[in-house]
Amino acid sequence: MVKRLAVGFIAAVALAGCSTMDGGANQYTMVSNGVMVATNGMTLYTFDKDSAGKSVCNGPCATNWPPVLVDANATVSGDYSVITRDDGKKQLAYKGKPLYFWSKDTKPGDKTGDGFLNNAWHIIKM
């Protein structure tokens, strides 16, 4: 069962090996099998080392864990917010925690990053 969450944002994410989100259309996160995913079906993650509203995953970390980037003028509501990364790009956050993809997830439904790095990376169970 897939349930859309009430979030309007413009995604600007392209992930090798995955379908890309259309950067020109409103996009939504969804819940699939009890886990938050992007509209392309790819699992979304949070990182324990991030603080509310601040990503510490930059450089090589962001290569392995691509941030969910949004348009600078994206509007979100409810539990969603938009944070500014160190490089000035805008990233979608849920309950203050920045959201990421995992580069090793190759198809929708993969959750291979859950618990990675001494249990610092987590799927978002809904």
Side-chain angles (χ1 to χ4, degrees):
M1 177 175 163
V2 175
K3 173 175 76 172
R4 290 195 184 275
L5 299 175
V7 174
F9 67 94
I10 298 173
V13 177
L15 200 56
C18 303
S19 46
T20 62
M21 292 183 184
D22 178 4
N26 286 329
Q27 298 295 314
Y28 301 93
T29 60
M30 303 181 296
V31 175
S32 179
N33 296 317
V35 174
M36 184 187 290
V37 299
T39 56
N40 63 1
M42 300 305 290
T43 302
L44 299 175
Y45 296 86
T46 60
F47 186 38
D48 284 346
K49 294 183 180 183
D50 287 342
S51 57
K54 174 74 174 141
S55 170
V56 297
C57 182
N58 297 291
C61 178
T63 300
N64 289 320
W65 297 92
V68 178
L69 299 176
V70 296
D71 183 76
N73 298 318
T75 56
V76 296
S77 62
D79 289 329
Y80 293 87
S81 58
V82 175
I83 66 161
T84 302
R85 297 180 50 75
D86 288 353
D87 61 7
K89 294 179 181 175
K90 304 298 183 181
Q91 182 175 3
L92 184 67
Y94 178 71
K95 295 185 176 179
K97 298 289 281 186
L99 296 176
Y100 303 89
F101 295 100
W102 170 226
S103 63
K104 304 288 188 216
D105 285 349
T106 60
K107 64 186 180 310
D110 282 356
K111 299 178 257 205
T112 63
D114 192 32
F116 192 79
L117 191 63
N118 297 317
N119 204 33
W121 290 92
H122 305 282
I123 58 173
I124 302 129
K125 294 179 183 174
M126 305 299 283

If you apply the rule ring-ring contact (aromatic ring centres under 6.0 Å, His included), what do you find for Trp65 with Tyr45, and how did you get there? CA-CA 9 Å; Trp65 297 92; Tyr45 296 86; 5.3 Å; yes
Not counting sequence neighbours, which residues clear side-chain hydrogen bond (donor to acceptor under 3.5 Å, both in side chains) with Asn64? List them please. none
Applying side-chain hydrogen bond (donor to acceptor under 3.5 Å, both in side chains), run through Tyr94 and Thr29 and close with a yes or a no. CA-CA 10 Å; Tyr94 178 71; Thr29 60; over 6 Å; no
Just verifying a value: how many Å separate Ile124 CD1 and Lys95 NZ, rounded to the nearest 0.5 Å? 10.0 Å
With sequence neighbours excluded, tell me which residues meet side-chain hydrogen bond (donor to acceptor under 3.5 Å, both in side chains) with Asn58. Arg85, Asp86
Measuring from atom OG1 of Thr39 to atom CE of Met30, what distance do you get when rounded to the nearest 0.5 angstrom? 6.0 Å
What residue pairs, at least two apart or across chains, pass disulfide (SG to SG under 2.5 Å) with a residue in residues 95-126? none
Taking only residues two or more places apart in sequence, or in another chain, which ones meet Tyr100 in a side-chain hydrogen bond (donor to acceptor under 3.5 Å, both in side chains)? Asp50, Ser55
Contacts of Lys90 that satisfy side-chain hydrogen bond (donor to acceptor under 3.5 Å, both in side chains) - sequence neighbours left out: Thr84
Between Thr43 and Val35, the two heavy atoms sitting closest are CG2-CG1, 3.9 Å
side-chain hydrogen bond (donor to acceptor under 3.5 Å, both in side chains): which pairs involve residues 115-126, sequence neighbours left out? Asp48-His122
Under the side chain to side chain contact (heavy atoms under 4.5 Å, CB included) test, residues paired with Lys104 that sit two or more places apart: Trp102, Thr112
Starting at OG1 of Thr46, measure out to CG of Leu99 and round the result to the nearest 0.5 Å. 7.5 Å
What distance do Asp110 atom CG and Asp114 atom CG have between them, rounded to the nearest 0.5 Å? 12.5 Å
Run the side chain to side chain contact (heavy atoms under 4.5 Å, CB included) test against Ser51 and tell me which residues pass, sequence neighbours left out. Lys54
Output every pair passing disulfide (SG to SG under 2.5 Å) with a member in residues 95-126, not counting sequence neighbours, ordered by first then second residue. none
Looking at every non-hydrogen atom in both residues, tell me the closest pair between Thr63 and Ser103 and how far apart they are. O-CB, 4.0 Å
Of all heavy-atom pairs linking Pro108 and Met42, the shortest is N-SD, 3.4 Å
For Phe47 and Leu117, the nearest pair of non-hydrogen atoms, with its separation, is CE1-CD2, 4.2 Å
Are Ile83 and Leu69 grouped together when hydrophobic residues (ILVMFWY) are joined by side-chain heavy atoms under 4.5 angstrom apart? no
Disulfide (SG to SG under 2.5 Å) partners of residues 30-122, not counting sequence neighbours, each pair once: Cys57-Cys61
Quick test of your reading: applying disulfide (SG to SG under 2.5 Å), list the pairs with at least one residue in residues 78-126, sequence neighbours left out, ordered by first then second residue. none
